[in-house]
Colleague: 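One structure, as structure tokens, below. Some questions next.
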Amino acid sequence: MFERIKEDIQSVFHRDPAARTTFEVLTTYPGLHAIWVHRLSHKLWRANWKWLARALSNLARWLTGIEIHPGATLGRRFFIDHGMGVVIGETAEIGDDVTLYHGVTLGGTSWNAGKRHPTLKNNVVVGAGAKVLGPITIGEGAKVGSNSVVVKDVPDDATVVGIPGRIVAQVQDQQKANDRDRIARKYGFDAYAVSPDNPDPVANAIGRMLDHVHLIDTKVEDMCKAINKMGGDVCADSLPSIDLDDFEGLEPEQHKNVQPEGFDPKI
């Protein structure tokens with residue numbers, strides 16, 4: 001028991017930079033308190049002490065703002081950050097190293113007995129306010145965006161956002177993300193926002209432009225090689241690089257009054 005408690009405390013330090021001391025974590029983290037009470041109520045539930053288990057979980061809900069049904073199954077190093085408003089249903093199953101933020105609901109969509117709550121595999125992260133509903137499975141390493149509503153299975157390492165939840169990144173996109181990052185570095189600017197798991201349409205547009213520029217670049221290099229093999233002499237020089245400093249010549253004061261040719265302020 002004490003080993004599990006120690007493991008829980010260490011998981012807080014790994015995932016919450018606000019945690020400072022062990023004493024602080026022990027006394028001020030309601031997510032830990034709710035999990036510890038649940039372990040006792042879960043044992044009572046499995047021993048068929050149903051009412052006592054529910055009463056204990058209800059007391060934990062009153063003290064922490066987190067409701068975990070005693071029938072739910074929790075894995076190791078489970079972390080609930082902040083915690084207020086978290087609800088975990090009876091048949092929910094949570095793997096190891098899972099993180100939930102405040103306002104998360106692992107709920108059911110049916111009044112029928114049996115499996116009706118979600119299964120979260122190892123290393124899943126569920127953002128604040130998200131609702132994961134029904135007997136679905138969230139794959140290992142998947143991420144659920146804040147305030148999303150997920151009602152369908154999510155594959156491993158995928159990112160889901162929106163209402164209803166839709167996949168914006170999957171593991172097969174990682175190679176493309178790595179390629180875009182490499183291309184961006186080649187052309188001399190930071191690709192911080194050029195990521196397939198970023199739903200920003202501008203970032204996605206830049207990513208597509210990078211793909212297109214890289215394709216053209218590759219085609220030109222292939223043409224140069226073919227012409228040179230035929231006896232030609234083209235593309236002797238490498239393509240010029242682009243530096244952000246090239247675009248820093250105009251300060252706001254210098255161009256704020258510049259107007260395009262033909263511009264009429266009266267129109």
Side-chain angles (χ1 to χ4, degrees), residues 11 14-17 31 34-35 65-69 72-110 114-181 191-208 210-211:
S11 72
H14 291 156
R15 282 177 269 180
D16 186 3
I35 291 169
I66 299 169
E67 181 175 344
I68 308 176
H69 193 285
T73 303
L74 309 184
R76 301 174 72 93
R77 297 174 297 279
F78 177 41
F79 179 46
I80 303 175
D81 199 2
H82 301 292
M84 182 62 68
V86 168
V87 178
I88 300 175
E90 176 187 1
T91 60
E93 299 176 49
I94 297 176
D96 298 336
D97 302 296
V98 171
T99 302
L100 304 185
Y101 290 89
H102 53 281
V104 169
T105 299
L106 305 183
T109 56
S110 171
K115 177 65 172 172
R116 59 189 186 280
H117 298 97
T119 296
L120 276 57
K121 293 189 177 180
N122 299 340
N123 298 298
V124 169
V125 177
V126 184
K131 316 301 176 190
V132 184
L133 307 175
I136 62 176
T137 299
I138 308 299
E140 187 165 339
K143 297 178 178 63
V144 178
S146 297
N147 296 316
S148 301
V149 178
V150 183
V151 293
K152 294 182 180 179
D153 290 345
V154 176
D156 293 351
D157 298 307
T159 299
V160 178
V161 299
I163 304 175
R166 65 187 187 281
I167 297 172
V168 295
Q170 287 183 268
V171 65
Q172 57 262 36
D173 294 326
Q174 189 59 47
Q175 184 60 45
K176 180 182 288 187
N178 293 338
D179 290 343
R180 285 182 177 176
D181 186 58
Y192 177 80
V194 185
S195 171
D197 62 354
N198 188 342
D200 181 1
V202 176
N204 288 334
I206 293 174
R208 290 179 179 273
L210 281 173
D211 293 341

Colleague: Under 3.5 Å, is there a donor-acceptor pair between the side chain of Lys152 and the main chain of Arg166?
Modeller: no
Colleague: Specify the closest pair of heavy atoms between Gly139 and Asp156, including all atoms of both residues, with the distance to one decimal.
Modeller: CA-OD1, 3.1 Å
Colleague: Just how far is it from atom CD1 of Ile66 to atom NE2 of His82, taken to the nearest 0.5 Å?
Modeller: 11.0 Å
Colleague: Rounded to the nearest 0.5 Å, what separates atom OG1 in Thr109 from atom CD1 in Ile136?
Modeller: 8.5 Å
Colleague: Is there side-chain contact between Pro118 and Val150, with at least one heavy-atom pair below 4.5 Å?
Modeller: no
Colleague: Which atom pair, heavy atoms only, marks the closest approach of Gly145 to Ala130?
Modeller: O-CB, 3.7 Å
Colleague: What I'd like to find out is whether the side chain of Leu106 reaches to under 4.5 Å of the side chain of His117, using heavy atoms alone.
Modeller: no
Colleague: So, for Asn123 and Glu140, which heavy atoms are closest and what is the spacing to 0.1 Å?
Modeller: ND2-OE2, 4.1 Å
Colleague: So if I apply the side chain to side chain contact (heavy atoms under 4.5 Å, CB included) rule between Tyr101 and each of Val144, Val125, Val126, which one comes out positive?
Modeller: Val125
Colleague: Should Asp97 and Asn122 count as side-chain neighbours, where that means a heavy-atom distance under 4.5 Å?
Modeller: no
Colleague: So for atom NZ, which belongs to Lys121, do other residues, nucleotides or ligands contribute more than 12 heavy atoms lying within a distance under 6.0 Å?
Modeller: no
Colleague: Could you pull out the closest heavy-atom pair between Gly114 and Thr91, with the gap in Å?
Modeller: O-CG2, 3.5 Å
Colleague: With a 4.0 Å cut-off on N to O distance, would you call Arg76 and Asp96 a salt bridge?
Modeller: no
Colleague: In a check of side chain to side chain contact (heavy atoms under 4.5 Å, CB included) between Val132 and each of Ile138, Val151, Thr105, Val154, which one passes?
Modeller: Ile138
Colleague: What I'd like to find out is whether the side chain of Pro164 reaches to under 4.5 Å of the side chain of Val149, using heavy atoms alone.
Modeller: no
Colleague: Atom OG1 of Thr73 and atom CD of Glu93: how far apart are they, to the nearest 0.5 Å?
Modeller: 5.5 Å
Colleague: To check you understand the geometry: which heavy-atom pair defines the closest contact between Ile68 and Ala72, and what is its length?
Modeller: CG2-CB, 4.3 Å
Colleague: How long is the gap from CD1 on Ile88 to CD1 on Ile94, to the nearest 0.5 Å?
Modeller: 4.0 Å
Colleague: Locate the shortest heavy-atom distance separating Gly162 from Ser148; write the atom from each residue and the value.
Modeller: N-OG, 3.1 Å
Colleague: Let me know which of Leu100, Thr99, Thr137 forms a side chain to side chain contact (heavy atoms under 4.5 Å, CB included) with Leu120.
Modeller: Leu100
Colleague: Is any side-chain heavy atom of Ile163 closer than 4.5 Å to one of Asn147?
Modeller: no
Colleague: Would you please name every residue forming a salt bridge (Lys or Arg N to Asp or Glu O under 4.0 Å) with Glu90, sequence neighbours left out?
Modeller: Arg116
